[in-house]
Amino acid sequence: MNKNEYLSIIEGMIFLSGDEGISVKQIGEALELSLQEVMMYVDELIHMYQKKEVKGFEIVNYGGYFKMVTLLKHKQYYQSLFKENVAKLSKSALETLAIVAYYQPITRVQIEEIRGVGCEAMVRKLCAKALIKEVGRSDAPGRPILYGVTDVFMDAFQLTSLDELPKLKEISDDFDEEDIFNTKYKEKNPNED
Amino acid sequence: MNKNEYLSIIEGMIFLSGDEGISVKQIGEALELSLQEVMMYVDELIHMYQKKEVKGFEIVNYGGYFKMVTLLKHKQYYQSLFKENVAKLSKSALETLAIVAYYQPITRVQIEEIRGVGCEAMVRKLCAKALIKEVGRSDAPGRPILYGVTDVFMDAFQLTSLDELPKLKEISDDFDEEDIFNTKYKEKNPNED
Amino acid sequence: MEYQVKTEEFTGPLDLLLHLIKEKNMDLLDLDVSIICDQYLAYIETMDPSYLEAMSEYLVMAAWLIEMKSRLLLPKEHLDEEDDYEEKRQEMIRKLIEKNQINEVIQEFEEAYNQRQMMFSKMPTLDQFSSEVEDQLPDNLEVYDLISAMQKILKRKMAQSPLESKVARVEISIAERCEQIETFFSMKKGQLVDFEDLFDEGDRYFAVVTFLSVLVLVKNQKLVITQEENFDRIYLKGKYYE
């Protein structure tokens, strides 16, 4: 089988997999190719799509699953074909998801500590939305459930891997014990109080 | 909008229409083009696909509906891709199982209505795997068989009761800004999850 | 000070604290508990008390801030107390920093999410290729599999229903189907088309409507039917393009 043949079949596989997507491993097993070979072909395919002049959809990699999606810039034309379907996430939901993504695996109590509010209902809801799931149990007393993000999450936020999460802003270097002690007795500004 | 732009959007529309396909009329209405114009573009698109060197799928016209289908000559590779094996249940199997678990007792026709595709083979398969079983007959005309999940199903998903599944309402509900009002503050107890 | 505060603007008391600190142009690391405590209380007073449950979380923080402030006012004789205060203050700063870090990236998260909502894909079409090799069940199934499968179905039910969806097609009229078939043949430019090609898709109703439509089109002299011999394949041709 020559290269174009492999590329064609892989293109067909990604096409068939639809919104579920397909992993390098699945393709490799079906075609009896090594992961490296599959990666090479998929990369080439993605590259070919990037160069296309007529392009109604492109190949993306969300959480290790390759799938075809239409282009953002054409959204208005497709929207007329679909019913309104934008599911909004609330600020609290986004916040909780971000915390799980950065700190996973994480217990509910740990999430609550960072958010400063109770999260029981929210955690249950995000599980029901398949955006987070149980990934194990902590060794802490009571063996609380540990949560992590899912492939549904990776897709919903267009992430290939968690390495792509926006970097958290560095805490400035001068944040050490010394400084905090030194600033403690700062004079109050009478205008401010 | 130039020609390539039109071609791209129409390609995207045919892609999105999936198995159902899309008619010239539907495309014309969405893009505010005459039927003649749409036909010209679609013809050109089909022609472009014919010339492709890497081609996993092509555009066909079945009875007035344009759709993309994979090539017959690649069939064997797709079959080995979607073979079900010990390592995983297919997504269609999981979808059917989820529907039975949530809506049981349920007839095959009802499952099909929810999934939007025929499920006869799948229902038979899941019965053979003892994941679902007949639990009675519906009063509807023809007295169709009602299906429900089995103990094997409960074991496989490590469930003790179906109540452990999130409520359907939680799965389908939108997030809203009310979230924070639903979470009660609880005294933090280090021993508690 | 005229505050117009709604609890919905904040996801919790820490959010409100951060907001106040920013408003006062205060450095997080130099957090002055005394000032921020007064600000916080002023805010709380303007909150809508009807959201009692949400308010309670803000009140717990208020009580804690007041406690911190009162410790500051006490004579600083007992070193132990002093250390305790500083410890708590640092803990608070650490929490605020973590919360702030998350707040800073949330917008990016939201943008990615909203964009993705506007990028569409098709339903997987795997069933036709699916075959079975083993009867055994995988041992790594989890409830998540069911939930995400259900999510997909619901999402599809909401999203993937084109305006003229399957339901609409089931109710297609003969006139509509005639128009589709005519369009189809006008693109075939006089080629012969296998009669059965028109019946590739759809249910029985669709087939009946298609059959009747073909008869109508033939009657109206838009289509020509040809068949070489009895029981041979039937071919159709658009008459207009002859």
Side-chain angles (χ1 to χ4, degrees), chain A residues 3-5 7-18 20 22 26-27 29-31 45 48 52-57 68 70-71 74 77-78 80-82 87-93 107-109 112-113 117-122 124-125 127-130 138 140-145, chain B residues 3-18 22 26-27 29-31 44-45 48 52-57 68 70-71 74 77-83 91 165-180 182-186 188-193:
Chain A
K3 198 181 76 174
N4 277 352
E5 202 58 13
L7 290 175
S8 299
I9 296 169
I10 294 174
E11 189 192 30
M13 286 177 171
I14 298 175
F15 170 77
L16 285 175
S17 73
E20 300 278 358
I22 190 166
Q26 286 170 291
I27 299 173
E29 277 166 14
L31 291 178
L45 211 49
M48 281 175 52
K52 278 171 73 173
E53 280 183 18
V54 169
K55 180 163 64 163
F57 45 91
M68 291 170 175
T70 58
L71 307 186
H74 295 152
Y77 305 104
Y78 305 136
S80 65
L81 287 176
F82 293 104
K88 268 213 166 338
L89 280 184
S90 71
K91 200 172 163 228
S92 318
T107 66
R108 199 198 75 220
V109 169
E112 286 173 348
E113 268 164 20
V117 288
C119 298
E120 202 177 341
M122 179 53 76
R124 213 180 43 240
K125 203 158 192 180
C127 280
K129 289 276 165 203
S138 154
R143 313 246 317 128
I145 297 166
Chain B
K3 198 181 75 173
N4 277 352
E5 204 59 11
Y6 274 120
L7 290 174
S8 298
I9 296 167
I10 294 174
E11 188 191 30
M13 285 179 173
I14 298 176
F15 167 73
L16 287 179
S17 71
I22 190 166
Q26 284 170 298
I27 298 173
E29 275 166 14
L31 290 179
E44 176 145 0
L45 212 48
M48 280 176 54
K52 278 171 74 173
E53 284 182 16
V54 168
K55 179 162 65 163
F57 46 91
M68 290 172 178
T70 51
L71 309 184
H74 295 152
Y77 304 106
Y78 303 137
Q79 273 170 343
S80 60
L81 181 62
F82 300 116
K83 215 178 266 173
K91 297 284 179 186
L165 292 174
K167 298 272 163 298
L168 206 52
K169 191 172 176 307
E170 284 181 303
I171 287 186
S172 58
D173 263 5
D174 227 359
F175 283 92
D176 48 45
E177 293 295 339
E178 300 261 308
D179 290 335
I180 54 167
N182 300 330
T183 58
K184 230 189 196 135
Y185 184 85
K186 272 166 90 180
K188 261 171 231 155
N189 176 345
N191 294 326
E192 187 213 321
D193 171 11

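Order of the sequence lines fixes the chain letters, A, B, ..., with proteins taken first and strands second; residue numbering starts at 1 for each chain.
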Which portion of [X] sits near chain A, non-hydrogen atoms under 4.5 angstrom:
X        : result
Leu31(B) : side chain
Lys52(B) : side chain
Met48(B) : side chain
Ile22(B) : side chain
Leu45(B) : side chain

Specify the closest pair of heavy atoms between [X] and [Y], including all atoms of both residues, with the distance to one decimal.
X         : Y         : answer
Ile9(A)   : His74(B)  : CG1-CD2, 3.5 Å
Asn4(A)   : Glu53(B)  : ND2-OE1, 3.5 Å
Thr70(A)  : Gly12(B)  : CG2-O, 4.2 Å
Ala128(A) : Ile171(B) : O-CG1, 3.4 Å

Judged by atom type as modelled, is there a donor-acceptor pair below 3.5 Å linking the side chain of Lys91(B) to the main-chain atoms of Glu20(A)?
-> no

Checking Ser8(B) side chain against Lys55(A) main chain: does a donor-acceptor pair fall under 3.5 Å?
-> yes

Count the heavy-atom pairs under 4.5 Å between each of Glu11(A), Glu5(A), Lys3(A) and chain B, then report the option with the highest count.
-> Glu11(A)

Set of ring pair (Phe, Tyr, Trp, His ring centres under 6.0 Å) partners for Tyr77(B), sequence neighbours left out =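 Scan of Tyr77(B) (ring pair (Phe, Tyr, Trp, His ring centres under 6.0 Å), adjacent residues dropped) gives none.
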
When rounded to the nearest 0.5 angstrom, what is the spacing between OG in Ser80(B) and CD in Gln26(A)?
->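 If we round to the nearest 0.5 Å, Ser80(B):OG and Gln26(A):CD are 11.5 Å apart.
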
For the residue pair Phe57(A) and Phe57(B), does the interplanar ring angle fall in the parallel (under 30°), tilted (30 to 60°) or perpendicular (over 60°) class?
->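 Plane angle between 30° and 60°, so tilted.
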
Who are the salt bridge (charged side-chain N to carboxylate O under 4.0 Å, His left out) partners of Glu170(B), not counting sequence neighbours?
->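 Applying salt bridge (charged side-chain N to carboxylate O under 4.0 Å, His left out) to Glu170(B) gives Arg124(A).
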
